[in-house]
Participant: 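One structure is given below, represented as structure tokens, and several questions about it will come after.
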Amino acid sequence: MNHSMRRALIDRAALSANVEALRSAAPARHTLVVVKANGYGHGAVTAAHAALAGGADWLGVADVTEALELRTAGISAPILAWLHSAREDFVAAVDAGVTIGVSTTDQLDALAQCDSPSVHLKVDSGLGRNGIGRAERSAFFEKAAQFHHAGTIRIDGVMSHLAGTSRASDLSQAEEFENALSMLAELGVTPEIRHLAASAGALEHPSLRYDMVRFGISAYGLAASENPSTVELIPVMTLEAEVIQLKRLRSGDGVSYNHTWVASEDTTVALVPLGYADGIPRAASGRAEVALNGQRFPVVGRIAMDQIVVDLGGHSASMGDTVTVWGNPALGAPHADEWAGWAGTIGYEIVTRLGHRVSRIAV
């Protein structure tokens, strides 16, 4: 395998195709694709270009640093950033044309020091994370409206985020969101872009699409919720490594720490240079599988910091052969969501935790 003994191949065409399919399934006036957390582990700049090629007209990031990384890379599309420190300096981001999601009155005051910033007010409609809470909402909206009417800030949008606990919960949050919009309208503020639904909500609730839908993990071809997606999505990331050692074991030989796996018969094992330091979940020890030469084989023994061991049984392999850890099941690879099941987590965590030793290669 060339370039690196550990690499993640990022299929730009697959990401673009996913965005096109999602836009078709959940149409709205605007489509935002989230590229936070280094593009969910796929590379933020690569993901951003592919999302825009697929028809997205907005990009979403968590914080100002992520937004400025995209601007530095020459990306000029609208960018929204919504998670900020207690003493955030917004000047550089505003000067770069980044739209700021605002959750507190302190953030309003800081933005008032900038040159006519574009803001989206963030309302906590029931998720209980960032966004203005119900108790502070009235004072927050009054200050925001004063700044807006004075031309100090531009309230271009209002946003919230669904908790996704149930259909009833989502619709209840929509009512809370509508109440917030009514409060703003009474203050003479009618933002152009209202957005509430991310991947699962946008696909499951047409009434909650408003003016913009936000696609995160689904754009990367992973499941956004426990409900099976009606949209055909392609996994964008294929994680590969090479066989760096082959070893014959006798029946009774143990593998890795504490010998949690012992060979029941003579076998061959392959050593693969990926471990929990690279983001491979240790919790998947004894359950995970990988693909090699068109077949799946079990990962045996404890997953270590830098290595996993694969039991080949009676099958043969060669040094340097490519091992696919996760990727496209249509090509025989385990899906990242399968790894999530083996580790007792979600696909989001599997791809976003991928470490810096793994080279991202756009293909």
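Here, residue 1 is the first one in the sequence, and each next residue gets the next number. All values derive from a computational prediction rather than experimental measurement.
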Participant: Could you measure the distance from the CD atom of Q107 to the CD1 atom of I132? Nearest 0.5 Å is fine.
Facilitator: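 Answer for the CD-CD1 pair, Q107 versus I132, is 9.0 Å.
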Participant: Determine, stepwise, if the pair V269 / F297 fulfils side chain to side chain contact (heavy atoms under 4.5 Å, CB included).
Facilitator: CA-CA 10 Å; V269 295; F297 296 99; over 6 Å; no
Participant: Is any side-chain N of the basic residue among E242 and R6 closer than 4.0 Å to the acidic one's carboxylate O?
Facilitator: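 R6 and E242: not salt-bridged.
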Participant: So that I can tick it off, tell me whether D278 and R357 are bridged by a salt bridge, with the cut-off set at under 4.0 angstrom between side-chain N and carboxylate O.
Facilitator: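 Judged by the 4.0 Å cut-off on N to carboxylate O distance, R357 and D278 do form a salt bridge.
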Participant: Would you say the side chains of H315 and Q295 form a donor-acceptor pair under 3.5 Å?
Facilitator: yes
Participant: Could you pull out the closest heavy-atom pair between E66 and N38, with the gap in Å?
Facilitator: OE2-N, 4.2 Å
Participant: Grouping I, L, V, M, F, W and Y whenever their side-chain heavy atoms are under 4.5 Å apart, do I234 and L22 come out in a common cluster?
Facilitator: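 No, no single cluster joins them.
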Participant: H335 and W326: which non-hydrogen atoms are nearest, and at how many Å?
Facilitator: C-CB, 4.1 Å
Participant: Within the 4.5 Å heavy-atom criterion, are W339 and I280 side-chain neighbours or not?
Facilitator: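 Side-chain contact under 4.5 Å: yes.
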Participant: Without swapping roles, check the side chain of D124 against the backbone of G131 for a donor-acceptor pair under 3.5 Å.
Facilitator: no
Participant: Show the nearest heavy-atom pair for residues A53 and E20, with the distance to one decimal.
Facilitator: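 Minimum heavy-atom separation between A53 and E20: O-OE2, 4.2 Å.
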Participant: Looking only at heavy atoms, which two atoms of G60 and W82 are closest? And how far apart?
Facilitator: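 Result for this residue pair: CA-CZ3, 3.8 Å.
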Participant: Got a donor-acceptor contact below 3.5 angstrom from the S199 side chain to the G216 backbone?
Facilitator: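 Judged by distance alone, yes, a pair lies under 3.5 Å.
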Participant: Please examine the side chains of L196 and L162, heavy atoms only from C-beta on, and report whether any two atoms are closer than 4.5 Å.
Facilitator: yes
Participant: Given side chain to side chain contact (heavy atoms under 4.5 Å, CB included), test D321 with V323 step by step and report yes or no.
Facilitator: CA-CA 7 Å; D321 279 355; V323 175; 5.8 Å; no
Participant: Check whether any side-chain heavy atom of R194 lies under 4.5 Å from a side-chain heavy atom of L181, and answer yes or no.
Facilitator: yes
Participant: Determine, for R296 against E289, whether the closest basic-nitrogen to carboxylate-oxygen distance falls under 4.0 angstrom.
Facilitator: yes
Participant: In terms of hydrophobic clustering (I, L, V, M, F, W, Y; side-chain heavy atoms under 4.5 Å; direct or indirect links), are L127 and L80 co-clustered?
Facilitator: no
Participant: For E176, is there an ion pair with R137 - N to carboxylate O distance below 4.0 angstrom?
Facilitator: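 Salt bridge between R137 and E176, a charged N being under 4.0 Å from a carboxylate O: yes.
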Participant: Using modelled atom types and a 3.5 Å cut-off, is there a donor and acceptor pairing between side-chain atoms of R287 and backbone atoms of A283?
Facilitator: yes
Participant: Please walk me through it: do T260 and R302 pass side-chain hydrogen bond (donor to acceptor under 3.5 Å, both in side chains)?
Facilitator: CA-CA 7 Å; T260 57; R302 286 263 168 81; 4.6 Å; no
Participant: Answer whether the closest heavy-atom distance between the side chains of V290 and V272 falls below 4.5 Å.
Facilitator: no
Participant: Say whether L171 and Y210 are linked into one hydrophobic cluster, either directly or through other cluster members, by side-chain heavy-atom distances under 4.5 angstrom.
Facilitator: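 As far as the 4.5 Å side-chain criterion goes, Y210 and L171 are connected within one cluster.
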Participant: I'd like to know if the side chain of D63 and the backbone of H84 have a donor-acceptor N/O pair within less than 3.5 Å.
Facilitator: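 Side chain of D63 to backbone of H84, a donor-acceptor pair under 3.5 Å: no, none is there.
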Participant: Under the side chain to side chain contact (heavy atoms under 4.5 Å, CB included) rule, what do Y220 and L15 come out as? Steps first, then yes or no, please.
Facilitator: CA-CA 6 Å; Y220 302 90; L15 202 159; 3.7 Å; yes
Participant: Is there a donor-acceptor pair closer than 3.5 Å between any side-chain N or O of S285 and the backbone N or O of I303?
Facilitator: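 Flag set: sc S285 to bb I303 pair under 3.5 Å.
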Participant: Compare every heavy atom of P117 with every heavy atom of C114, then report the nearest pair and how far apart it is.
Facilitator: O-CD, 4.0 Å
Participant: Is there side-chain contact between T268 and L249, with heavy atoms separated by less than 4.5 Å?
Facilitator: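 No; the side chains remain at least 4.5 Å from each other.
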Participant: Find out whether K36 and Y40 are in side-chain contact, i.e. whether some heavy atom of one side chain is under 4.5 Å from a heavy atom of the other.
Facilitator: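 They are in contact (side-chain heavy atoms under 4.5 Å apart), so the answer is yes.
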Participant: Any side-chain donor paired with an acceptor under 3.5 Å for S251 and D266?
Facilitator: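 On atom types as modelled, these side chains do not qualify, holding no pair under 3.5 Å.
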Participant: Okay, side chain of S16, backbone of R12: is any donor-acceptor separation there less than 3.5 Å?
Facilitator: yes
Participant: Is R360 reaching over with its side chain to a backbone N or O of G41, donor-acceptor style, under 3.5 angstrom?
Facilitator: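 A pair under 3.5 Å: yes.
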Participant: Are V91 and L68 joined in one hydrophobic group, where the rule is that I, L, V, M, F, W and Y side chains link up if heavy atoms are under 4.5 Å apart?
Facilitator: no
Participant: Will you find, in the side chains of H148 and R154, an N or O donor that is under 3.5 Å from an N or O acceptor?
Facilitator: no
Participant: Report yes or no: does E88 contribute a side-chain atom to a donor-acceptor pair with the main-chain N or O of S85 at less than 3.5 Å?
Facilitator: yes
Participant: Does H205 form a side chain to side chain contact (heavy atoms under 4.5 Å, CB included) with R167? I'd like the steps, not just the answer.
Facilitator: CA-CA 8 Å; H205 306 303; R167 177 178 176 81; 3.0 Å; yes
Participant: Testing V61, L32, V35 one by one against I79 for a side-chain contact (heavy atoms from CB on, under 4.5 Å), which residue passes?
Facilitator: V61
Participant: Between the main-chain N or O of A362 and the side-chain N or O of T46, is there a donor-acceptor pair closer than 3.5 Å?
Facilitator: no
Participant: Side chains of H195 and H30: donor-acceptor distance under 3.5 Å anywhere?
Facilitator: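 Looking only at side-chain atoms, H30 and H195 do not form any donor-acceptor pair under 3.5 Å.
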Participant: Do you know the tightest heavy-atom contact between M183 and S138?
Facilitator: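 Taking every non-hydrogen atom into account, CE-CA, 3.8 Å.
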Participant: Counting C-beta onward and ignoring hydrogens, is there a side-chain heavy-atom pair between V309 and V299 closer than 4.5 Å?
Facilitator: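 No, their side chains stay 4.5 Å or more apart.
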Participant: Would you compute the distance between atom CZ of R134 and atom OG of S125 and round it to the nearest 0.5 angstrom?
Facilitator: 9.5 Å
Participant: Around atom CZ of R250, are there more than 12 heavy atoms from other residues, nucleotides or ligands closer than 6.0 Å?
Facilitator: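 Result for CZ/R250: open.
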Participant: Answer yes or no: is there an ion pair linking E192 with R29, defined by an N-O contact shorter than 4.0 Å?
Facilitator: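 So E192 pairs with R29 through a salt bridge.
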Participant: Hey, what do you get for CZ (R214) to NE2 (H161), rounding to the nearest 0.5 Å?
Facilitator: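 These two atoms lie 5.5 Å from each other.
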Participant: Rounded to the nearest 0.5 Å, how far apart are CD1 of I308 and CG of L271?
Facilitator: 8.5 Å
Participant: What's the separation between atom OG1 in T238 and atom CG in L331, rounded to the nearest 0.5 Å?
Facilitator: 7.0 Å
Participant: Give a yes or no on whether I346 and Y276 share a hydrophobic cluster (residues Ile, Leu, Val, Met, Phe, Trp, Tyr; joining criterion: side-chain heavy atoms under 4.5 Å apart).
Facilitator: no
Participant: If only atom types and distance count, is the side chain of W342 paired as donor or acceptor with the main-chain N or O of P281 below 3.5 Å?
Facilitator: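 Absent.
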Participant: Does the side chain of R7 pick up a donor-acceptor pair with the side chain of S359 at under 3.5 Å?
Facilitator: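 Result is no, nothing qualifies.
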Participant: Are D156 and T99 close enough that some pair of their side-chain heavy atoms sits under 4.5 Å apart?
Facilitator: no
Participant: Could you tell me the separation between the CG atom of D95 and the CZ atom of R71, rounded to the nearest 0.5 Å?
Facilitator: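 The CZ atom of R71 is 12.0 Å from CG of D95, to the nearest 0.5 Å.
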